[in-house]
There are 2 protein chains.
Amino acid sequence: MSKRLKDETSEEKILEAARRVFLQKGMAGARMQEIADEAGINKALLHYYFRNKELLFDRIFTQAAAKLFPKVVTILDADLPLFEKIEGFISSYIDVMSENPYLPLFVLNEVHRDPEGFYKRISGELKLPRPEKFLMQIDQEVKLGNIRPVSPLQLFMNILSGTVFPFIAKPLFQMHIGVDEFQFRQFMLQRKTEFARFVIDALRK
Amino acid sequence: MSKRLKDETSEEKILEAARRVFLQKGMAGARMQEIADEAGINKALLHYYFRNKELLFDRIFTQAAAKLFPKVVTILDADLPLFEKIEGFISSYIDVMSENPYLPLFVLNEVHRDPEGFYKRISGELKLPRPEKFLMQIDQEVKLGNIRPVSPLQLFMNILSGTVFPFIAKPLFQMHIGVDEFQFRQFMLQRKTEFARFVIDALRK
DNA sequence: ACATGATTTAACCAAATGGTTAAACAAAGT
DNA sequence: ACTTTGTTTAACCATTTGGTTAAATCATGT
């Protein structure tokens, strides 16, 4: 609210508004008029800065994917012992998503709606991190007998699931179990350590 | 295809078509014309059988939620040892979703878009299963010292995550890792046993 | 044959929606 | 003062979209 009215440029106001609306309603459900209203500007000005809906959506989507994928996931390529890596990944990924709880559902939903459009969109802007190195590390540890035998891909899915899914189920979870915003944050805070321990307990012989 | 043309009634054709379109595009992205085309009928006939889009959507959504929530989740209320219950839940839930891979994303997405509408929709038709009994059972086992100490809710979330999330990430997973339809089915088949074992390994002292 | 009720269709309609236009305004340089 | 250039707006436009209407077709009982 502090800088909202003064020093913020129209383009910034538009991008913020577009972000809110697109994340809440998705590409199909979002309305250009609503974005304009939310930004406190005229609808024509929207098209002045961003030629059309798709271009604006591209911008928001790419920004969302950039926040979600590469930065934190790169941890998986780091040079760390497996357990530390798992702890680090879970913790920092939960951190990122706690600040942007609707990112995962938004991105996964749009990928589902238009899978090829997805690659086209982000191909130029950013490269998705590949989990190969992490998978090989798991394989190594299994072969060395340091951890229980697991399929690396299954383990990767386990970790990803337990980290991301709570944010996707957040609305249902909150409504059905009856947790408010604060309790959910607490739950995810607790989860940073508890889920990591859970995974490691499952691996340690 | 066998009964598509002959004995299938118009209403059935509409419901099937609506299901396909709504699950692929969601409420906002679906078009009544597309549903009519998909069903091979006139658009006016759509409104003859279902007064408007919202009513038709209600029908599909409730049917989807009914398939997703109560039947299988009731396992959690059964009178079974914890580990068997976990195995049973994971296995049968994966079975259900393997036949309807897009159900979870569809439902969770619409809940996110309109949380209060969700309860209103399904309130009359079906009651969401409550996990209390399962949570208490976990608590018991912890207190008895039979399993490692865990927060029941966290464990429940772990199980749910690992079971549901793969279907939500399916499009991204397939595209990014490079898995086709068959490989994905194999992966989820393997997962039925491997993820259950993973969870149990994490619990067993 | 024909009356009756349900089903199906083509043609339409009004509202919503993405996008455009032309004019007004503001800021900065001369 | 006056251009010039970028910014903002009100009014407008074309298409899409959910929904309606009235007529046609079909099935069924008489």
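Here is the naming used below: chain letters follow the sequence lines, and residue numbers restart at 1 for every chain. This one's a predicted model, so the numbers in the text were calculated from it and none came from an experiment.
- Distance, Ile41(A) CD1 to dC25(C) P: 19 Å, rounded to whole Å.
- Using a 4.0 Å heavy-atom distance criterion, Asn52(A) is classed as a sugar-phosphate-only contact.
- The interatomic distance linking Gln33(B) (CD) with dT20(D) (C1') rounds to 14 Å, in whole Å.
- Ala30(A) comes within 4.0 angstrom of sugar-phosphate atoms only, judged by non-hydrogen atoms across all strands, and of no base.
- Remark: C1' of dA11(C) and CG of Leu45(B) are 16 Å apart, rounded to the nearest angstrom.
- Closest contact between the side chain of Lys43(B) and the listed nucleotides dT7(C), dT8(D), dG18(D) involves dG18(D).
- dA16(C) atom P lies 14 Å from atom CG of Asp37(A), rounded to whole Å.
- Protein atom CG of Leu46(B) is 15 Å distant from nucleotide atom P of dT7(C), rounded to whole Å.
- We find that OH of Tyr49(A) is positioned 18 Å from P of dG19(C), with the value rounded to whole Å.
- Between His47(B) and dG19(D) there is a side-chain polar atom (N or O) within less than 4.0 angstrom of OP1 or OP2.
- Aromatic rings from Phe57(A) and Phe22(A) are positioned such that their centres are separated by under 6.0 Å.
- With hydrogens and angles left out, the side chain of Lys53(A) and the base of dG19(C) share no donor-acceptor pair within 3.5 Å.
- One can place CG of Leu55(B) at 13 Å from C1' of dG19(D), the figure rounded to the nearest angstrom.
- Ionic pairing of Asp95(A) and Lys192(A) is present here: one or more N-O contacts between side-chain nitrogen and carboxylate oxygen are shorter than 4.0 angstrom.
- Regarding contacts with the backbone of dT7(D), every side-chain N or O of Ser10(A) stays at 4.0 angstrom or more from both OP1 and OP2.
- The phosphate of dA6(C) (OP1 or OP2) has no side-chain N or O of Tyr48(B) nearer than 4.0 angstrom.
- For Arg31(A) and dG18(C), the shortest distance from a side-chain N or O to OP1 or OP2 is below 4.0 Å.
- Looking at heavy-atom distances under 4.0 Å, Phe50(A) makes no contact with the nucleic acid at all.
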message = Checking Glu99(A) against Lys67(A) for the salt bridge (charged side-chain N to carboxylate O under 4.0 Å, His left out) test, could you report, in this order, the C-alpha distance in whole Å, the side-chain angles of both residues, the deciding distance, and whether it holds?
response = CA-CA 11 Å; Glu99(A) 295 313 303; Lys67(A) 200 171 282 179; over 6 Å; no
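- Dense packing is recorded around NZ of Lys133(A), with more than 12 heavy atoms of other residues, nucleotides or ligands lying under 6.0 Å away.
- Per the geometry, CG belonging to Leu56(B) stands 16 Å off P belonging to dT17(D), to the nearest Å.
- The 12-atom threshold is not exceeded at CG of Asp79(A), counting heavy atoms of other residues, nucleotides or ligands nearer than 6.0 Å.
- Residue-to-nucleotide proximity on DNA chain C shows that, of Met32(A) and Ala44(A), the 5′-proximal contact is made by Met32(A).
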